[in-house]
Number of protein chains: 2
Amino acid sequence: MAAPSNREFSEAEAELMQATYSALREHGYVDLTIKRIADEYGKSTAAVHYYYDTKEELLAAFLDYLLEEFVASIRAVETTAPETRLSLLLDELLVDPQPNQALSVALLEMRAQAPYNEPFRERFQQNDEYTRFMLKSVISHGIDEGAFEAVDADHVARSLMTIVDGARTRSVVHGDPSALAAGRRTASEYVDATLL
Amino acid sequence: MAAPSNREFSEAEAELMQATYSALREHGYVDLTIKRIADEYGKSTAAVHYYYDTKEELLAAFLDYLLEEFVASIRAVETTAPETRLSLLLDELLVDPQPNQALSVALLEMRAQAPYNEPFRERFQQNDEYTRFMLKSVISHGIDEGAFEAVDADHVARSLMTIVDGARTRSVVHGDPSALAAGRRTASEYVDATLL
DNA sequence: GTGGACGTACTAACCGGTCAGTCAAAAGAC
DNA sequence: GTCTTTTGACTGACCGGTTAGTACGTCCAC
């Protein structure tokens with residue numbers, strides 16, 4: 001399971017990614033236009049097209065940019081004990097992104113576009129597989145060490161992803177970040193009942 | 001907990017709702033236009049505006065139309081035994097909507113618009129509360145009858161909703177309806193571990 | 001002959017994307 | 001070390017196309 005490709009971004013491109021980030025938070029995905037990105041960028045729309053021919057291309061690059069950060073954050077979770085490692089991983093997947101609630105909203109919008117947009121679908125798919133693999137690894141490792149019950153690690157990882165995705169969706173749709181904390185509790189219960 | 005208001009639809013309005021339904025399935029929410037609805041309706045765009053002044057108004061009415069059907073489907077679940085009642089309820093919430101996968105996709109798009117669109121948010125919120133109340137009722141009832149453990153019915157209902165929403169989101173985003181079946185299994189495990 | 005149910009034709013606002021041309025800095029020529 | 005040329009990074013104007021919504025005329029049932 002390879003982590004998503006580490007793409008190179010020039011300084012100007014990184015600035016554009018930040019501008020896209022801001023524009024997304026302010027206007028959401030549906031109302032995201034090249035003009036609004038250009039405004040955040042502080043340049044003309046043609047300047048945006050200078051770096052990326054099409055809007056789709058730019059947004060695909062933006063997802064690469066964003067998902068890289070995410071991968072880095074969950075890769076940083078390292079502990080020896082499988083129980084605490086799994087717990088920290090779930091914490092990371094279900095943290096309240098306080099100031100970035102708006103980005104979570106936009107990200108759900110983009111996820112909902114996956115069926116119509118192959119570059120999006122590819123990237124979300126790859127990110128999902130990577131995260132699921134991380135969970136499955138921790139579980140398998142815990143089983144080998146005798147810390148966990150001998151369960152179907154793949155299924156348990158998938159269940160945890162379902163709980164994570166559910167909590168995130170609910171947090172966005174109902175505008176209630178506490179859905180994340182509730183989801184964290186549900187995940188804990190599921191882990192306790194299944195693995196311990 | 002009142003069920004969502006039963007709104008009246010004239011024959012022409014019902015036809016328009018069906019046209020909206022078809023247009024949504026064909027083009028998704030983002031690419032849904034009055035023109036496309038009018039095409040499905042078989043009339044001009046002015047004919048659509050004759051019944052609904054704005055697009056927002058029409059779509060709010062459409063959600064009423066759609067969520068009414070959904071409420072009817074889960075209200076139809078009636079059994080005496082709490083275990084089978086809960087099981088049937090979860091089945092209803094996690095069925096594979098075979099030919100209507102496209103509608104599930106569009107519905108997630110609309111749910112993702114809730115933060116920007118109050119009429120949407122209101123309706124999804126109300127629908128969620130209603131469904132959660134149905135789950136909580138079955139659980140509370142089961143506890144009273146001694147069929148379930150004495151748990152926090154509200155929290156368990158919320159957890160099940162999280163699993164349901166997660167399974168639906170995953171089914172759409174990854175274009176994989178089997179995520180629903182997997183979610184159904186996770187829900188069963190959660191019920192078994194928590195209530196029995 | 002009046003009122004509801006449209007169709008035709010339109011507008012104003014945007015949209016993504018293109019184009020020709022500008023300008024400073026880098027690269028090369030001598 | 002200067003002059004010339006090229007290049008990278010842009011701007012402003014503009015294009016064709018699309019959108020929600022409107023104005024107004026018309027047809028038809030009663």
Side-chain angles (χ1 to χ4, degrees), chain A residues 7-65 106 109-110 112-114 116-120, chain B residues 7-65 106 109-110 112-114 116-120:
Chain A
R7 176 174 184 152
E8 285 302 315
F9 288 101
S10 72
E11 198 173 321
E13 282 169 333
E15 261 180 63
L16 240 181
M17 294 297 104
Q18 274 300 321
T20 305
Y21 194 99
S22 301
L24 257 182
R25 279 195 318 208
E26 270 181 58
H27 307 286
Y29 171 76
V30 166
D31 290 328
L32 182 71
T33 65
I34 301 271
K35 173 70 163 54
R36 294 203 222 261
I37 294 172
D39 285 349
E40 292 290 334
Y41 189 37
K43 312 239 165 107
S44 68
T45 63
V48 175
H49 281 293
Y50 177 77
Y51 292 102
Y52 297 95
D53 284 347
T54 66
K55 190 185 179 186
E56 186 172 340
E57 202 181 309
L58 186 156
L59 289 177
F62 177 73
L63 275 188
D64 286 335
Y65 175 81
E109 288 184 271
M110 295 179 82
Q113 291 306 308
Y116 310 107
N117 187 321
E118 210 194 313
F120 282 16
Chain B
R7 175 174 185 150
E8 286 302 316
F9 287 102
S10 72
E11 199 172 321
E13 282 169 333
E15 262 180 63
L16 240 181
M17 293 299 103
Q18 273 301 321
T20 305
Y21 194 98
S22 301
L24 257 182
R25 279 194 320 209
E26 270 181 57
H27 307 287
Y29 171 76
V30 166
D31 289 328
L32 182 71
T33 66
I34 301 272
K35 173 72 162 53
R36 295 205 223 260
I37 294 173
D39 286 349
E40 292 289 335
Y41 188 36
K43 311 238 166 108
S44 69
T45 63
V48 175
H49 279 294
Y50 177 76
Y51 292 101
Y52 297 96
D53 284 347
T54 66
K55 191 185 179 188
E56 185 171 341
E57 200 181 312
L58 185 155
L59 289 177
F62 176 74
L63 274 189
D64 286 335
Y65 176 80
E109 288 184 270
M110 294 179 81
Q113 290 307 306
Y116 309 106
N117 187 321
E118 211 195 312
F120 282 16

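The chains referred to below are lettered A, B, ... by the order of the sequence lines, with proteins before strands, and numbering in each begins at 1.
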Considering every strand and a 4.0 Å limit on heavy-atom distances, what is the contact class for T33(A): base, sugar-phosphate, or nothing? sugar-phosphate

Picking from dG17(C), dG21(D), dT11(D), the nucleotide nearest the side-chain atoms of A46(A) would be dT11(D)

Could you tell me which residues satisfy side chain to side chain contact (heavy atoms under 4.5 Å, CB included) with E57(B), sequence neighbours excluded, listed by chain and number? Y52(B), D53(B), T54(B)

Calculate the interatomic distance between E11(B) atom CD and dA5(C) atom C1'; express it in whole Å. 14 Å

Would you say dA5(C) has OP1 or OP2 under 4.0 Å from some side-chain N or O of Y50(B)? yes

Contact class for L58(B) vs. all strands (heavy atom < 4.0 Å): base, sugar-phosphate, or nothing? nothing

What nucleic acid atoms does Y52(B) come within less than 4.0 Å of, heavy atoms only: base, sugar-phosphate, or nothing? nothing

Nearest-Å distance for atom pair NZ/P, residues K55(A) and dG17(D): 19 Å

Once you apply a heavy-atom cut-off of 4.0 Å, does I37(A) come out as touching a base, just sugar-phosphate, or nothing? nothing

Would you indicate what A47(B) reaches in the nucleic acid, counting non-hydrogen atoms under 4.0 angstrom: base, sugar-phosphate, or nothing? sugar-phosphate

Phosphate-side-chain proximity, Y51(A) and dC10(D), N/O vs OP1/OP2 below 4.0 Å: yes

K55(A) side chain to H49(A) backbone, donor-acceptor under 3.5 Å: no

Under a 3.5 Å threshold, yes or no: a donor from one side chain and an acceptor from the other, between Y116(B) and E109(A)? yes

Between K35(B) (NZ) and dA9(C) (P), how many Å, whole number? 14 Å

Nearest-angstrom distance from the residue atom CD of E56(A) to P of dC15(C): 18 Å

When rounded to whole Å, the CG to P distance for the pair D53(B) and dT22(D) reads 7 Å

With the side chain of H49(A) defined as its heavy atoms from C-beta on, choose the nearest nucleotide among dA20(D), dG16(C), dC6(C). dG16(C)

Given dC10(D), dG7(C), dG21(D), which nucleotide is nearest the side-chain atoms of Y41(A)? dC10(D)

Using heavy atoms to find the nearest nucleotide of DNA chain D for K43(A) and D31(B) separately, return the residue whose nucleotide is more 5′. K43(A)

Modelled atom types, side-chain donor and acceptor of Q18(B) and Y65(B), under 3.5 Å: yes

Decide yes or no on side-chain contact (heavy atoms from CB on, under 4.5 Å) for K35(A) and T45(A), but give the supporting numbers first. CA-CA 6 Å; K35(A) 173 70 163 54; T45(A) 63; 4.1 Å; yes

How many Å lie between CD1 on I34(B) and P on dA20(D), as a whole number? 6 Å

